[in-house]
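Worksheet: the structure to be examined is printed underneath.
Convention: sequence-line order gives letters A, B, ...; per-chain numbering from 1. What you see is a predicted model, and the numbers here were worked out from it, not measured in a lab.
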Protein chains: 2
Amino acid sequence: MSGHKILVVEDEKDIVRLIKYNFEKDGHKVVAAHDGESGLALARKEKPDLIILDIMLPKMDGLEFCRTFRQESQVPILFLTAKKSEVDRILGLKLGADDYVTKPFSVGELIARVEAVLRRAGSAAVKEPVAAVLRAGELEVDAERHEVRIKGRPTTLTPKEFEFLRLLFRADGKVLSRDTLLERIWGYDKSMDIDTRTVDQHIARLRKKLRSEGQRILTVTNAGYRIKLD
Amino acid sequence: MSGHKILVVEDEKDIVRLIKYNFEKDGHKVVAAHDGESGLALARKEKPDLIILDIMLPKMDGLEFCRTFRQESQVPILFLTAKKSEVDRILGLKLGADDYVTKPFSVGELIARVEAVLRRAGSAAVKEPVAAVLRAGELEVDAERHEVRIKGRPTTLTPKEFEFLRLLFRADGKVLSRDTLLERIWGYDKSMDIDTRTVDQHIARLRKKLRSEGQRILTVTNAGYRIKLD
DNA sequence: CGAAAGCGTCATGAAATCGTCATGCTGCGA
DNA sequence: TCGCAGCATGACGATTTCATGACGCTTTCG
């Protein structure tokens, strides 16, 4: 899945930077606007494949943006909402949102949602669907059931453990740095700065639970971790 | 139970989006048209297994659509009606509608109706039949009777409880988030926002009533609930 | 050789999440 | 009108899950 152009309309610059960084790393093109009006102009000019839209925006808020833009385009819109409040979501959906993500979000989740929306909307130019069950040797990760099986036997993982394993799998054997893992699992919310050592801790626990399947999570000194897929 | 092709003919784009989103999440293929004429063309071209048809439509309204289309096909049609009064017209005209749902509807209800229609249409044109009675161990959910049996003994559930159980069954062991459950059970238009903790409450009551069948509803921390099918 | 850096593991306090109880509300039938 | 079943929500405790510091091992490099 690459080659999509994504417009981010968001006034928090850190979030824009985070999204830009991560999506460009995945081969997308990212353009950004910091308020509703310039976002609308940019949307018209750039014709993105998808728009990530914050609700709280200067000049013109996300709802107004959506209402206006929907009259001229069907480009999928994914909302970012700060409030947990249902009202925002429902309003968003009635306005033509394709999905929404609540802040603070993890990059991993955002990527997953974006991919889902693109897949649904794009019909044609989409990439290979994310396999429902990821496999490596005797190890299976069933994303839909949130279940991990070793030699067919279900094993219970904590949410964080599961996230780690899923990310490592989806990286397809590539090394993921501790920073990347932090960012993708904990989200951009650096207010609670998590120690990178905490990553080690989770990896350790994960290894212990997967021990019966052999050492599948490899340490790459000075770089991070990766999974052995055989 | 999945893999059906559904045509939606509806001019409110948000509703199309909502239907598309939810049915595709269930593994169906969804094509859409925004007015009667193009809907008819699409129906001829795509040969869907079922048509969801709004009554109020530009170009050619739902009734006219139905009248025309029925001369060339028996594909089941499910009407969407905004007004209660329209129901009478559908029934009165004997147009060959297989069922109808009044707006605003809950996604869960729409899915239930669609499945019921597909089940009834059955054998003939449809790809895979939809099961009328869902089973897991000694637990049976009879979608048509709205009845639940434990070891053959009927058990009374409240409407909400039944709805929860049915959705969990339908998800086929996949995790359903609290948000998804809310959306599917309470409907898309709801102005009052329900606390996600309320979901827990219903699950709790459901578990108590099903206790004699063992712990079949599993909690997936940080994700939602899923059903154990064995 | 010695120091420093990277990493694995243990123990511990903190925090998030979930199950359950209790309570008040609402709509409907007797 | 009363009573009740069904429902939504707040409170609270129990359990699970997390984050972090400490300590020791190994490797690297001056």
task = Could you go through the side-chain hydrogen bond (donor to acceptor under 3.5 Å, both in side chains) check for B:Tyr225 and B:Arg178 one step at a time?
result = CA-CA 8 Å; B:Tyr225 297 95; B:Arg178 292 179 172 72; 3.1 Å; yes

key: Spacing between A:Gln215 atom CD and C:dT9 atom C1', to the nearest angstrom   =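 Distance check: A:Gln215 CD to C:dT9 C1' gives 14 Å.
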
ask   = Which whole-number value in Å describes the distance from B:Lys209 NZ to D:dA5 P?
value =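 After rounding, the reported distance stands at 11 Å.
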
query = Quick one: ring pair (Phe, Tyr, Trp, His ring centres under 6.0 Å) partners of B:Tyr21, sequence neighbours excluded?
reply =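 B:Tyr21 satisfies ring pair (Phe, Tyr, Trp, His ring centres under 6.0 Å) with no residue once adjacent residues are dropped.
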
query = Do any of residues 157-168 of chain A sit with a heavy atom less than 4.0 Å from DNA chain D, and if so which?
reply =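 Heavy-atom cutoff 4.0 Å gives A:Thr158, A:Pro159, A:Lys160.
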
Backbone N/O of [Y] and side chain of [X]: donor-acceptor pair under 3.5 Å:
X: B:Glu213; Y: B:Glu138; result: yes
X: B:Arg207; Y: B:Ile217; result: yes
X: A:Thr180; Y: A:Leu176; result: no
X: B:Asp11; Y: B:Leu57; result: no
X: B:His28; Y: B:Ile6; result: no

ask   = When every nucleotide of nucleotides 17-30 of chain C is labelled 5' to 3' by its protein contacts under 4.0 Å (heavy atoms), B for base, S for sugar-phosphate only, - for none, what sequence of letters results?
value = SBBBBB--------

Distance test, side-chain N/O of B:His202 to OP1/OP2 of D:dA8, below 4.0 Å =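 Result: yes.
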
message = Please tell me if B:Trp186 has a side-chain N or O lying less than 4.0 Å from either OP1 or OP2 of D:dC7.
response =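 So the side-chain polar atoms of B:Trp186 never come under 4.0 Å of the phosphate oxygens OP1 or OP2 of D:dC7.
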
inquiry  = Testing B:Val141, B:Asp142, B:Leu229 one by one against B:Leu134 for a side-chain contact (heavy atoms from CB on, under 4.5 Å), which residue passes?
reply    =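 Going through the options one by one, the only one that passes is B:Val141.
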
